Engineer: 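One structure follows; several queries about it will come next.
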Amino acid sequence: MELTSTLPYWLVKNGLTSVYPSIEVDQTADFVVVGAGVTGAMIAQRLSEGGFSVVVVDKRDVCTGSTSASTALLQYEIDVSLVKLGQLIGKRNAQMAYALSNQSIDRLGELINRLAIECDFQKKSSIYLASDRKSAKMIADEARARRMMKLDVVYHDQAELKENFNLVGVAALSTSQAASCDPYLLSHGLLANAVANGARVFDRTAVAKYQCDDASVMLTTDRGPRIFARKAIIASGYESQIMLKERIVNLDNTYAVVSQPIKDFGSWKPDWMMWEAKEPYLYLRVTGDNRLIAGGEDEAFHSPLRRQAKVSAKAKIIESKIRTLLPSIQWETEFVWSGTFGSTKDGLAYIGPSQEYPNCLFALGFGGNGTTFSSIATDIIWDMAHDLTSEAASLFRFSR
């Protein structure tokens with residue numbers, strides 16, 4: 001499956017940061033990680049740093065799947081609101097999911113700083129904008145639920161929204177517990193550290209066959225060589241649904257634009273990010289090189305060709321929405337692209353074992369929180385690698 005249209009911004013900006021070989025001979029390791037996007041890279045880094053032998057394979061050049069198309073708004077908010085999530089899985093479980101997501105922002109920052117990865121990681125303030133009274137009522141209820149958990153959140157009425165952010169709307173929530181980064185450089189930095197720890201990374205190497213039992217796994221690649229491991233970790237993102245009989249994700253298309261560098265943002269501050277409390281929603285932030293990056297206009301996935309055919313029209317809609325929202329900023333679009341992402345019934349990732357694949361652990365960070373779910377998945381996989389269980393793992397289990 002083609003997960004992105006050609007040339008997402010991060011690929012153009014950064015080029016081929018690192019080059020890895022394709023597999024040529026059989027490999028043996030404690031763990032084989034399938035997928036070298038941000039999730040696979042983060043897990044490989046943790047396991048290799050912890051002393052395990054690790055092999056990583058990706059059927060593409062590393063980091064050129066969904067990771068390259070991510071706009072990397074790192075937020076503790078899950079696609080499903082805290083209030084609604086509580087109705088779906090119970091209040092206590094919903095609070096646990098939001099607490100884990102909240103913690104993941106700080107944990108990501110600590111990891112990036114510790115490994116000295118240059119990926120433009122910046123703390124941000126996030127604005128959740130309601131443009132009608134129904135949405136305003138929803139986010140007021142959401143603010144109360146988050147305050148009960150002592151999460152960082154402030155409710156702004158219409159006047160405060162205009163005064164504090166110069167935005168037109170009915171109400172908004174804001175939080176300083178958010179961040180952004182260059183997801184492509186982050187993933188490459190994690191892989192580089194994993195390699196320094198002894199991990200072996202192979203790209204343009206697809207897994208053609210899984211042979212799994214309770215003791216070990218053998219993966220046969222499309223190039224012939226096999227990989228023997230104690231466990232396999234599947235971090236192949238949205239394409240993993242092809243492997244599974246259990247229906248865990250609905251695929252959607254999303255679209256994004258990036259401006260040329262902007263000299264003057266007026267009243268809009270580069271350390272703000274914004275997303276809307278409606279469907280289809282608009283979201284935006286500013287990159288480290290002062291470009292406006294924005295996206296949305298999501299729709300059900302049909303085919304890569306149909307998605308690509310809509311890029312220009314969707315980009316114009318996004319541009320129009322931005323100009324209406326931020327009329328004082330002068331800017332031009334320089335890059336546009338589309339990508340495929342997935343959403344789950346409860347907005348949560350799928351992490352852990354599936355009965356369909358013995359001795360395999362899945363780490364599938366679906367939705368708009370892929371990078372923060374990657375951090376959560378890494379902690380859970382680390383515990384499972386040591387035969388430990390955690391209460392958090394039950395939130396993301398299969399067949400839930």
Side-chain angles (χ1 to χ4, degrees), residues 1-8 10-11 14-48 52-69 184 187-245 304 339-340 353-354 356-364 374 381 385:
M1 181 189 296
E2 292 298 327
L3 293 173
T4 71
S5 63
T6 55
L7 298 180
W10 308 117
L11 284 177
N14 300 308
L16 291 176
T17 302
S18 301
V19 177
Y20 295 96
S22 301
I23 199 166
E24 294 182 351
V25 298
D26 289 354
Q27 303 286 326
T28 301
D30 294 322
F31 294 92
V32 53
V33 179
V34 181
V38 66
T39 305
M42 202 174 297
I43 291 170
Q45 188 281 326
R46 173 73 72 84
L47 291 174
S48 62
F52 293 105
S53 59
V54 178
V55 168
V56 182
V57 293
D58 196 301
K59 73 177 187 179
R60 301 179 178 83
D61 291 302
V62 299
C63 310
T64 60
S66 297
T67 294
S68 68
Y184 186 78
S187 302
H188 271 288
L190 291 167
L191 286 173
N193 185 266
V195 169
N197 295 330
R200 289 154 279 162
V201 179
F202 303 98
D203 62 13
R204 288 162 284 116
T205 299
V207 177
K209 185 178 181 180
Y210 289 82
Q211 292 174 268
C212 315
D213 59 35
D214 292 337
S216 62
V217 298
M218 182 180 77
L219 277 53
T220 303
T221 69
D222 62 342
R223 294 176 176 270
R226 299 164 298 174
I227 304 168
F228 301 88
R230 182 156 60 89
K231 286 184 182 295
I233 299 167
I234 315 302
S236 52
Y238 310 124
E239 291 177 302
S240 60
Q241 182 63 81
I242 299 169
M243 299 173 54
L244 297 162
K245 294 178 182 177
T340 296
S354 164
E356 298 181 38
Y357 288 85
N359 231 7
C360 294
L361 301 174
F362 287 78
L364 309 175
S374 296
I381 296 296

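Each residue takes its place number in the sequence, starting with 1. Keep in mind the model is a prediction, meaning the values are calculated, not measured. In what follows, every heavy atom counts, from backbone to side chain, and hydrogens, waters and symmetry copies are set aside.
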Engineer: Where the side chain of Ser68 meets the backbone of Ser66, is there a donor-acceptor pair that is under 3.5 Å apart?
Structural biologist: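 No: the side chain of Ser68 does not pair with the backbone of Ser66.
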
Engineer: Give me each pair satisfying ring pair (Phe, Tyr, Trp, His ring centres under 6.0 Å) with a member in residues 187-218, each pair once, sequence neighbours excluded.
Structural biologist: Tyr184-His188, Tyr210-Tyr357

Engineer: Please round to the nearest 0.5 Å and tell me the distance separating atom CG of Leu361 and atom CZ of Phe31.
Structural biologist: 7.5 Å

Engineer: Identify every side-chain donor-acceptor pair in residues 218-233 under 3.5 Å, counting partners at least two apart or on other chains, and give the distances.
Structural biologist:
from   : atom 1 : to     : atom 2 : distance (Å)
Thr221 : OG1    : Arg223 : N      : 3.4
Thr221 : OG1    : Gly224 : N      : 3.4
Thr221 : OG1    : Pro225 : O      : 2.7
Asp222 : OD1    : Ala206 : N      : 3.1
Arg223 : NE     : Arg204 : O      : 2.7
Arg223 : NH2    : Ser22  : OG     : 3.3
Arg223 : NH2    : Arg204 : O      : 3.1
Arg226 : NH2    : Asp26  : OD2    : 3.1
Lys231 : NZ     : Asn359 : OD1    : 2.9

Engineer: Can you name the residues that form a side-chain hydrogen bond (donor to acceptor under 3.5 Å, both in side chains) with Ser53, not counting sequence neighbours?
Structural biologist: Asp30

Engineer: Hey, what do you get for CG (Asn193) to CZ (Arg46), rounding to the nearest 0.5 Å?
Structural biologist: 12.0 Å

Engineer: Would you check if Val195 and Tyr20 make a side-chain contact, meaning some heavy-atom pair closer than 4.5 Å?
Structural biologist: yes

Engineer: I need the minimum non-hydrogen distance between Val54 and Val33, along with the two atoms involved.
Structural biologist: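 Heavy-atom minimum between the residues: CG1-CG2, 4.0 Å.
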
Engineer: Applying side-chain hydrogen bond (donor to acceptor under 3.5 Å, both in side chains), can you list everything that pairs with Ser48, at least two apart in sequence or on another chain?
Structural biologist: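 Partners of Ser48 under the side-chain hydrogen bond (donor to acceptor under 3.5 Å, both in side chains) test: Asn197.
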
Engineer: Check whether Asp58 reaches the backbone of Asp61 with its side chain - one donor and one acceptor, N or O, closer than 3.5 Å.
Structural biologist: no

Engineer: Can you name the side-chain hydrogen bond (donor to acceptor under 3.5 Å, both in side chains) partners of Ser187, sequence neighbours left out?
Structural biologist: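 Here no residue qualifies.
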
Engineer: Measure the CG-CG distance between Asp203 and Leu191 for me, rounded to the nearest 0.5 Å.
Structural biologist: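 Those atoms lie 9.5 Å apart.
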
Engineer: Mind checking side chain to side chain contact (heavy atoms under 4.5 Å, CB included) for Asp214 and listing every partner two or more places apart, or none if nothing turns up?
Structural biologist: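 With sequence neighbours excluded, Asp214 shows a side chain to side chain contact (heavy atoms under 4.5 Å, CB included) to Pro358, given in chain and number order.
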
Engineer: Side chains of Cys360 and Val217: closer than 4.5 Å at any heavy-atom pair?
Structural biologist: yes

Engineer: Donor-acceptor pair, Thr39 side chain versus Ala363 backbone, under 3.5 Å?
Structural biologist: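 Side chain of Thr39 to backbone of Ala363: no pair is present.
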
Engineer: Decide if atom CD of Glu24 counts as having more than 12 heavy atoms of other residues, nucleotides or ligands within a radius under 6.0 Å.
Structural biologist: no

Engineer: Which atom names give the shortest non-hydrogen contact between Pro21 and Val201, and what distance separates them?
Structural biologist: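 Minimum heavy-atom contact is CD-O, 3.7 Å.
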
